[in-house]
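To start, the structure itself, in structure tokens.
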Amino acid sequence: MTTQEKQNSSVMGTYGRFPVVLDSGSGENCTDENGKSYIDFGSGIGTSSLGYCNEAWTEAVCTQAKKLQHTSNLYYTKVQADYAEALCNKTGYSKVFFCNSGAESNECAIKLARKYSFDKYGKGRHNIITLVNSFHGRTMCTLSATGQDVFHNYFFPFIEGFRYAVANDIEDMKSKIDDTVCAVMMEYVQGEGGVNALDKEFVDAVYEICAEKDILVITDEVQTGVGRTGTFLAGEQFGHKADVVTLAKGIAGGLPMGACLANEKCENVLDKGSHGSTFGGNPVCCAAAQAVLDTVTGAGFLDEVNKKAVYIREKLAAIDGVKSVSGLGLMIGIELENMTALDVANAALEKGLLVLTAKTKVRLLPPLTITYDEIDKGLAILANIIK
Ligand SMILES: *Cc1c(COP(=O)(O)O)cnc(C)c1O
């Protein structure tokens, strides 16, 4: 049996996988079981933010794995304490809850928002507004929060208390807000929904309405966070600081980790016994996340990310067959004139380039450490396919 046959016969068929068995990686490149090499413009859906097996990252992970791999949250560890302090300092948040995925970090934010409101106002103020076309995860609660009908099948009953407002439509947002709403949750750039950035005016209006009514703003920065868009949090570019921010994907460079950050107003809402996670803040994941944080906040690193983003975007826009380029920083959506995104992704795989799709667009989430040389090589492959 081939690896593909074996995996298909033993793993539930929930994914549409590309027909390739990846075996190893280094920097921006990975190699399949036949020795064929690929430039990776997807970095594991934006998780391997420092590329494959980055030296500082690998060293941090291996050192911690050999020292203490897990303790549970019944005990303290220095590596979790150090990382939590560094993350809060960097982002300007008061406290963090650690979990293991994007969906879990959003679950935490939703629980926090409902309890904040319950503690202060009592029952009945539990509704949360999310945006049409959003994506917040695959658990029952985050599926309910996701503003796309295709995710609201089969698994009834879903979790009550979510309303969906049209992105960038201030009037629609206003019409959804009343005294039963405790939070608005949004992605600054909708990733899975098609790499669409919100308008600044819309974001400004949301913050203004929410501030008036003591409604919490939750920003789902699971995909946009940790340098992906050119600033540590995408919110910095919109000039806003949400009450609660969720992170995952690139936070630990490819190990499972999620984080839910809260400002002073909400830092003590989730108190003893109200939330928890066996693996959350695992020492190896914290060591990995610390290596990512140190790298991404290093001198000049994010300037380079921004330069590369401009470079890629200019080159993409000049390719025949590219209709438009969307997103922010190194979170890139490509709208095509004549081809489907999946056809491009399949053709790219053939030619040794991994890309992602998001709805009708080709999506690129290259490692933040990608070199100009690899960018040029990857874009040459893409240009050939799209032309
Ligand atoms: C990927 C993603 C999630 C879900 O993350 P998981 O780690 O798969 O649970 C949630 N929100 C956004 C914005 C995402 O991009």
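Heavy-atom basis, side chains included; hydrogens, waters and symmetry copies ignored. The structure presented is a predicted model; accordingly, all values stated were derived computationally and were not measured. Atoms within a ligand are numbered from 1 in the order they appear, just like the ligands themselves.
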Can you name the atoms of ligand 1, numbered from 1 with element, that are less than 4.0 Å from a heavy atom of [X]?
X: E187; result: 13 (C)
X: N106; result: 10 (C), 11 (N)
X: A103; result: 4 (C), 5 (O), 6 (P), 9 (O)
X: S101; result: 7 (O), 9 (O)
X: D220; result: 10 (C), 11 (N), 12 (C), 13 (C)

*Do N29 and Y38 have side-chain atoms, one donor and one acceptor, less than 3.5 Å apart?*
no
_So that I can tick it off, tell me whether D179 and K213 are bridged by a salt bridge, with the cut-off set at under 4.0 angstrom between side-chain N and carboxylate O._
no
*Salt-bridged, R163 to D178, with N to O below 4.0 Å?*
yes
Please state which part of [X] comes within less than 4.0 Å of ligand 1, counting heavy atoms only: side chain, backbone, both or neither.
X: T224; answer: neither
X: E104; answer: neither
X: H136; answer: backbone

_Taking every non-hydrogen atom, the tightest pair across V292 and G253_ = CG2-N, 3.5 Å
Is the shortest side-chain heavy-atom distance between [X] and [Y] below 4.5 Å?
X: F279; Y: F98; answer: no
X: V244; Y: C260; answer: yes
X: V310; Y: R313; answer: no

_Please verify the inter-ring angle class for Y188 with Y207; under 30° counts as parallel, over 60° as perpendicular, anything in between as tilted._
parallel
*Could you find the nearest protein heavy atom to atom 5 (O) of ligand 1 and give me its residue, atom name and distance?*
G102 CA, 3.3 Å
*Starting from atom 2 (C) of ligand 1, which protein heavy atom do you reach first, and at what distance in Å?*
K249 NZ, 2.6 Å
*So is there a nitrogen or oxygen of A248 less than 3.5 Å from a nitrogen or oxygen in ligand 1?*
no
*Does an N or O anywhere in V222 fall below 3.5 Å from an N or O of ligand 1?*
no
*Short check: is a protein heavy atom less than 4.0 Å from atom 9 (O) of ligand 1?*
yes
*Between the side chain of N153 and the main-chain N/O of V150, is any donor-acceptor distance below 3.5 Å?*
yes
